[in-house]
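Taking it in order: structure first as structure tokens, then the write-up.
Here is how names work: the chains are called A, B, and so on, in the same order as the sequence lines, proteins then strands, and each is numbered from 1. Just the heavy atoms: all of them, side chains too, but no hydrogens, waters or symmetry mates, feed the values below.
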Amino acid sequence: MKLSLSDATLARFAQEVAKFPADQKQSAVMACLAILQQEQGWVSPEGEQAVADVLGMPVMAVHEVTTFYNMYNQKPVGRFKLNVCTNLPCQLRGGQQALEHLEKKLGVSVGGTTADGVFTLQPSECQGACADAPVMLVNDRHMCSFMSHDKLDQLIDSLRTAQA
Amino acid sequence: MNVEQILSQFQATGLETCFHDRHINAQIYAGLNGRNWSLKDYEARGGYSALRKILGRDGGEGLTQDQVIATVKESGLRGRGGAGFPTGLKWSFMPRQFPGQKYLVCNSDEGEPGTCKDRDIMMYNPHIVIEGMAIAAYAMGISVGYNYIHGEIFQVYERFQAALEEARAAGYLGDGIMGSSFNFQLHASHGFGAYICGEETALLESLEGKKGQPRFKPPFPASFGLYGKPTTINNTETFAAVPWIIRNGGQAYLECGKPNNGGTKIFSVSGDVERPGNYEIPMGTPFAKLLELCGGVRAGRQLKAVIPGGSSSPVIPGQLMMDLTMDYDSIAKEGGSMLGSGAVIVMDDTRCMVKSLQRLSYFYAHESCGQCTPCREGTGWLSRVVDRIENGQGREADLALLDNVAGNIMGRTICALGDAAAMPVRGMLKHYRHEFEHHIAHKTCMVGAYA
């Protein structure tokens with residue numbers, strides 16, 4: 001099925017394309033895929049095709065980008081995707097424990113999505129906020145710092161309430 | 001509360017990492033409070049006066065391109081991204097007379113485990129990067145630039161975009177900057193989760209809209225860079241150092257640090273210290289002083305080991321580290337490691353080095369781009385062997401095997417990720433071999449509980 005993009009989405013794409021030389025539209029592919037993910041929750045094959053059409057590039061070249069970078073969701077995720085950093089600097093300050101705490105709290109194992117489809121829990125590599133450890137990224141665009149167990153509980157409970 | 005409001009409650013404020021009074025002679029972080037990032041505030045701190053000066057818009061004669069490059073050479077500024085290459089020299093490699101388009105790129109793909117300094121620069125003082133890039137562009141005759149920002153720090157990317165808008169509106173970017181004939185268009189771009197894109201040619205591939213696999217060098221970016229055009233790439237902190245150098249002179253900058261190691265440097269200190277954070281201090285400051293600024297090792301614990309320059313740099317035992325100073329030469333020549341990006345990962349006496357290496361080796365295996373066989377296969381091999389040692393399934397021959405695999409990666413790959421994976425392994429085996437031997441012989445850890 002063909003995905004038709006809204007004018008608003010196309011306008012956001014155009015802003016990204018405008019940053020690059022006219023014959024280098026492909027440079028906007030990362031940003032366009034990120035926008036698509038923000039709006040649709042993941043990058044579907046139809047989404048890749050739509051981006052390829054807008055940027056005038058082979059869909060396989062778009063797929064290469066989707067599959068190379070860690071943050072693109074190649075399948076649907078929950079309403080909130082939680083990425084907890086477990087790299088060494090975070091591990092030294094409880095990153096692994098934060099991940100395990102969320103496993104218990106949400107009742108899912110790492111990589112899983114809660115039955116109600118609200119949360120997906122994933123580990124991540126370095127997010128570049130090591131002095132704020134433990135850190136967690138919510139839906140790619142919101143970094144949460146100093147995530148003690150108390151703050152994790154508070155965040156999850158608030159998001160659940162807001163979602164309900 | 002809506003979702004945005006909820007999430008914003010957990011956003012970093014910079015209070016702990018940046019707006020403390022424990023910097024020494026700060027230049028880049030000086031006078032910041034989290035609210036004064038905008039153009040007006042930056043101008044009030046003397047911002048854009050260096051750009052004004054080189055363009056001769058401050059009543060003076062201005063500086064020629066050669067004069068700007070000579071000043072940066074004189075300053076002793078070395079690349080802050082990890083390699084420590086002399087910045088002025090790099091700028092002199094740009095073929096200024098090249099008739100086609102040339103590009104300037106800022107590497108803000110800050111993903112070296114331990115590093116978070118560029119994030120605080122761009123979030124709380126974004127215009128210093130813009131001004132530094134504009135000066136660099138002027139010096140090398142470049143009219144278009146990109147700042148490629150780590151995908152995980154999206155709020156920083158948005159902040160930098162907002163600063164770009166301000167700079168354009170004020171005439172610091174665009175055509176005919178401050179009434180001169182100098183044109184410079186600058187844009188922000190973002191990654192989306194790939195450590196390898198911090199490697200400069202992988203970054204260029206990514207900026208071209210491809211998977212980020214490094215290019216063979218030579219040709220170097222100065223002759224074949226973005227879209228095949230001459231390109232200069234510097235780290236965020238490197239650009240941020242430039243306005244101060246132009247305002248105060250190369251000699252003054254050099255005098256802030258020590259010979260061959262000019263200026264201040266921002267160190268991201270993480271791990272087992274009381275106050276993790278970013279600390280801007282003069283090059284050559286004793287590590288002991290830096291540790292003191294961080295409130296020392298966590299209460300009740302002793303310093304065991306320090307990874308001094310990001311996860312790729314070989315570990316240094318605490319005792320030796322206490323005798324070193326924080327500059328390229330001391331860490332390399334006396335410590336046998338690298339200053340790298342200035343990410344100081346501190347580990348205390350409750351830490352097991354096998355477990356620490358296990359996590360790092362997993363990281364490199366996960367982030368290898370797969371292009372070169374020694375790295376693609378070798379990083380996985382290292383990770384699996386360290387894994388089994390940690391899990392009590394190590395074999396007697398494993399340490400020789402680790403050394404052998406590391407040796408067969410080093411120097412045999414297109415980019416430095418292979419070396420970056422191998423060096424921590426060799427560093428750990430050099431200084432903490434007994435811990436690995438204990439794990440293999442006794443199937444358990446000798447350090448005790450991993451806190």
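Ranking K25(A), Q37(A), Q154(A), M57(A) against chain B, the residue ahead of the rest is Q154(A), based on heavy-atom pairs under 4.5 Å. The most heavy-atom pairs under 4.5 Å with chain B, out of C32(A), C85(A), G128(A), come from G128(A). Residue with the most contacts toward chain B among G94(A), A34(A), A28(A): A34(A) (heavy-atom pairs, distance under 4.5 Å). Residue with the most contacts toward chain A among Q213(B), K117(B), K210(B): K210(B) (heavy-atom pairs, distance under 4.5 Å). Of the listed residues Q5(B), Q9(B), E112(B), E4(B), the one with more heavy-atom pairs under 4.5 angstrom with chain A than any other is E4(B).
Residues K19(A) and S189(B) form no side-chain contact, since every pair of their non-hydrogen atoms from C-beta on lies 4.5 Å or further apart. At a threshold of 4.5 Å between non-hydrogen side-chain atoms, the residues M143(A) and Q155(B) count as touching. A heavy-atom distance below 4.5 Å is not found between the side chains of H142(A) and V3(B). At a threshold of 4.5 Å between non-hydrogen side-chain atoms, the residues F146(A) and E16(B) count as touching. Side-chain contact between R119(B) and D132(A) is present, with at least one heavy-atom pair separated by less than 4.5 Å. No side-chain heavy atom of S145(A) sits under 4.5 Å from any side-chain heavy atom of F10(B). Using a 4.5 Å heavy-atom threshold, the side chains of D140(A) and F192(B) count as touching. Side-chain atoms of Q26(A) and E208(B), non-hydrogen and from C-beta on, never get closer than 4.5 Å to each other.
Of the two parts of L155(A), the backbone and the side chain both hold a non-hydrogen atom closer than 4.5 Å to a non-hydrogen atom of chain B. Within the 4.5 angstrom heavy-atom criterion, no atom of Q358(B) approaches chain A. Proximity to chain A is limited to the side chain of Y157(B), based on heavy atoms less than 4.5 angstrom apart. Neither the backbone nor the side chain of L186(B) comes within less than 4.5 Å of any heavy atom of chain A. For chain A, the nearby part of T17(B) is the side chain; its heavy atoms alone come within less than 4.5 Å. For chain A, no part of E205(B) is nearby; none of its heavy atoms comes within less than 4.5 Å. In this structure, chain B has no heavy atom under 4.5 Å from any part of M136(A). With a 4.5 angstrom heavy-atom cutoff, S8(B) does not touch chain A via any of its atoms. The contact between Y103(B) and chain A is made entirely by side chain atoms (from C-beta outward), counting heavy-atom distances below 4.5 Å. Proximity to chain B involves both the backbone and the side chain of A31(A), based on heavy atoms less than 4.5 angstrom apart. For H190(B), the parts lying near chain A are the backbone and the side chain together; criterion is any non-hydrogen pair under 4.5 Å. Neither the backbone nor the side chain of R275(B) comes within contact range of chain A, judged by heavy atoms closer than 4.5 Å. Contacts of T86(A) with chain B are made by both backbone and side-chain atoms, with heavy-atom separations under 4.5 Å. In this structure, chain A has heavy atoms under 4.5 Å from both the backbone and the side chain of L207(B). Both the backbone and the side chain of C369(B) have a heavy atom closer than 4.5 Å to some heavy atom of chain A. In this structure, chain A has no heavy atom under 4.5 Å from any part of Q101(B).
Pairing each heavy atom of C116(B) with each of A129(A), the nearest pair is CB-CA, 3.8 Å. When all heavy atoms are compared, the tightest approach of V346(B) to L92(A) is O-CD1, 3.7 Å. The two residues I6(B) and A162(A) have their closest heavy-atom pair at CD1-CB, 3.6 Å. The minimum heavy-atom distance between F68(A) and G212(B), with the atom names listed, is CE2-N, 3.2 Å. Summarising the geometry of P113(B) relative to C126(A), their closest heavy-atom pair is CA-SG, 3.6 Å, with the distance given to 0.1 Å. Taking both residues in full, the closest heavy atoms of C144(A) and L7(B) are given as SG-CD2, 4.3 Å, listed atom of the first, atom of the second, then distance.
Annotation: Y362(B), atom OH; neighbour count of heavy atoms from other residues, nucleotides and ligands within 6.0 Å does not exceed 12. Atom NZ of K229(B) is surrounded by 12 or fewer heavy atoms from other residues, nucleotides or ligands within 6.0 Å. Heavy-atom neighbours of D7(A) CG from other residues, nucleotides or ligands within 6.0 Å: at or below the threshold of 12.
A ring-centre distance under 6.0 Å is found for F20(A) and Y146(B).
The CZ atom of R141(A) sits 6.5 Å away from the CD atom of E158(B) when rounded to the nearest 0.5 Å. Atom-to-atom distance recorded for Q91(A):CD and R351(B):CZ is 8.0 Å, nearest 0.5 angstrom.
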*Stepwise side-chain contact (heavy atoms from CB on, under 4.5 Å) test for H187(B) and E16(A)*: CA-CA 10 Å; H187(B) 304 282; E16(A) 299 301 328; over 6 Å; no
*Check the pair L88(A), I307(B) against side-chain contact (heavy atoms from CB on, under 4.5 Å), reporting the backbone distance first and the verdict last.*
CA-CA 11 Å; L88(A) 181 61; I307(B) 297 175; 3.9 Å; yes
*Which is it for N70(A) and E367(B) under the side-chain hydrogen bond (donor to acceptor under 3.5 Å, both in side chains) test, yes or no, and what are the steps along the way?*
CA-CA 9 Å; N70(A) 295 329; E367(B) 295 297 319; 2.9 Å; yes
*Given R359(B) and E125(A), is the salt bridge (Lys or Arg N to Asp or Glu O under 4.0 Å) satisfied, shown in steps?*
CA-CA 10 Å; R359(B) 186 61 187 82; E125(A) 290 307 332; 3.1 Å; yes
